[in-house]
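Some notes on the structure that comes next.
Numbers restart at 1 for each chain; the letters A, B, ... are given by sequence-line order, proteins then strands.
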2 protein chains.
Amino acid sequence: MIEERVQEWLGRLQACGCRLTGPRYILVEILARADRALNPQELHAIASQRYPSLGLVSVYRTLERLESLHLIQRVHQPDKCQAYIAAFDGHQHLLLCSQCGRVRFFDGDELGGLVRRVEQESGYRVEDHWLQLFGLCDQCQALQGNEVVLYE
Amino acid sequence: MIEERVQEWLGRLQACGCRLTGPRYILVEILARADRALNPQELHAIASQRYPSLGLVSVYRTLERLESLHLIQRVHQPDKCQAYIAAFDGHQHLLLCSQCGRVRFFDGDELGGLVRRVEQESGYRVEDHWLQLFGLCDQCQALQGNEVVLYE
DNA sequence: GCTTATAATGAAAAAGATTTTCAATAGTAA
DNA sequence: TTACTATTGAAAATCTTTTTCATTATAAGC
């Protein structure tokens, strides 16, 4: 499932004339597997472990490329707004653990009524919406906030 | 109404030991009146017209102070995440014009059912949520995207 | 009104994040 | 194997934000 995603992303990169290089393999694999949003610095730190010569610039460039292909999406959080996670299929929303950062997707189909109400009250024509929920994931609830398990 | 807000903010600043200075009067007045979110640069540019010696540093410091008093709140948008607008009363959400940036508030009471569903499906304990709608305000619909009227 | 303590200011420097430039490297097609 | 050129990392440049610090100015006490 995740492995397929890695292959699909690499295929999509190649399909638009991009070359498959060492840095890209590593970065695609990390991003396709990540269960939380990573910013350029975090991504660089993780990827450097397996590819020590990796430059931060290549991380920025790869993120830009993957985002323009809609393979990853930017995630806004109170403390960081330049983090990326795999883009979801269809119209989904994010549920983020405010402790460990783990991300899950959910659909928000029941939003239509609210959108129509707001359109009528405001006179705006609504074109898009952002919905994100923040909370504690099951693991962090169990830990009762004693420790945080980050990427490893 | 807006004038009251200016007075209230100044009072709140004074109440916590802050001094009322030229830069603060200007910045409070602009922020309390603004109908769209402003980032430090925009705010500095606008305020400088009335207070030419104003330093950008004071803008940062005042924003920080006002945010810590919950008088303003940060607004996340696709292109800018460091913009601020007056904080609303109670639990409200934002409706932003994707053309001119004008902001309106609305309540999203009908969100409770969705939150409970997601909690059950995910096992997360939801603590907070962000909901923002993007669209065209009535004025920008009328202009049909011919021109953008920014702050003036 | 005058004095005084100190919060607030702006300039400059420092720190961080992101983008640009450029010569060297390395995919990929022929 | 060769040739083309996309990609790379280092360094420089650009922006944004924070820190430092001497100076200024608010507000309280007299």
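Distances shorter than 4.0 Å separate some side-chain N or O of A:Arg24 from OP1 or OP2 on D:dT7. Of the side-chain N and O atoms in B:Arg65, one or more sit less than 4.0 angstrom from OP1 or OP2 of C:dA8. Applying the 4.0 Å criterion to OP1 and OP2 of C:dT9, one finds that B:Thr21 has a side-chain N or O inside that range. An OP1 or OP2 oxygen of D:dT16 is reached within less than 4.0 angstrom by no side-chain nitrogen or oxygen of B:Gln82. The phosphate of D:dT17 (OP1 or OP2) has a side-chain N or O of B:Gln41 nearer than 4.0 angstrom.
For A:Leu20, the listed nucleotide lying nearest its side chain is C:dT28; candidates were C:dG10, C:dT28, D:dT7. Looking at the side chain of B:Tyr51, the nearest of the listed nucleotides D:dT17, D:dG9, C:dG10 is C:dG10.
The pair A:Arg104-B:Glu121 does not meet the salt-bridge criterion, since no charged nitrogen lies less than 4.0 angstrom from a carboxylate oxygen.
Residue B:Gln14 is classed as a sugar-phosphate contact, given heavy-atom separations below 4.0 Å to backbone atoms only.
A distance-only check finds a donor-acceptor pair linking the side chain of B:Arg24 to the backbone of B:Arg19 [under 3.5 Å]. Checking side-chain atoms of A:Arg102 against main-chain N and O of A:Asp35 turns up no donor-acceptor pair under 3.5 Å.
The NE2 atom of B:His44 sits 13 Å away from the P atom of D:dT17 (whole-angstrom rounding). Atom OH of A:Tyr25 and atom C1' of C:dA26 are 13 Å apart (whole Å). We find that CG of A:Leu63 is positioned 16 Å from C1' of D:dT7, with the value rounded to whole Å. A straight line from NZ of B:Lys80 to C1' of D:dT16 spans 15 Å, rounded to a whole angstrom. One atom, CD1 of B:Ile26, and another, P of C:dG10, lie 11 Å apart when rounded to the nearest Å. Between the CD atom of B:Glu67 and the P atom of D:dT18 there is a distance of 11 Å, given to the nearest Å. Taking atom CG of residue A:Leu13 and atom P of nucleotide C:dT28, one finds them 11 Å apart after rounding to whole Å.
Taking the six-membered ring for Trp, B:His76 and A:Trp130 have ring centres at least 6.0 Å apart.
Counting distance only, with no hydrogens placed and no angle test, the side-chain atoms of A:Arg61 and the base atoms of D:dT8 include no donor-acceptor pair under 3.5 Å.
Summary of the strand contacts: B:Leu54 and B:Gly17 both lie near DNA chain C, and taking for each the nucleotide with the nearest heavy atom, the more 5' one is attributed to B:Gly17. Residue order along DNA chain C, read from the 5' end via each residue's closest nucleotide, puts A:Tyr60 first among A:Tyr60 and A:Arg19.
Classification of the B:His91-B:His129 ring pair by plane angle, with boundaries at 30° and 60°, yields tilted.
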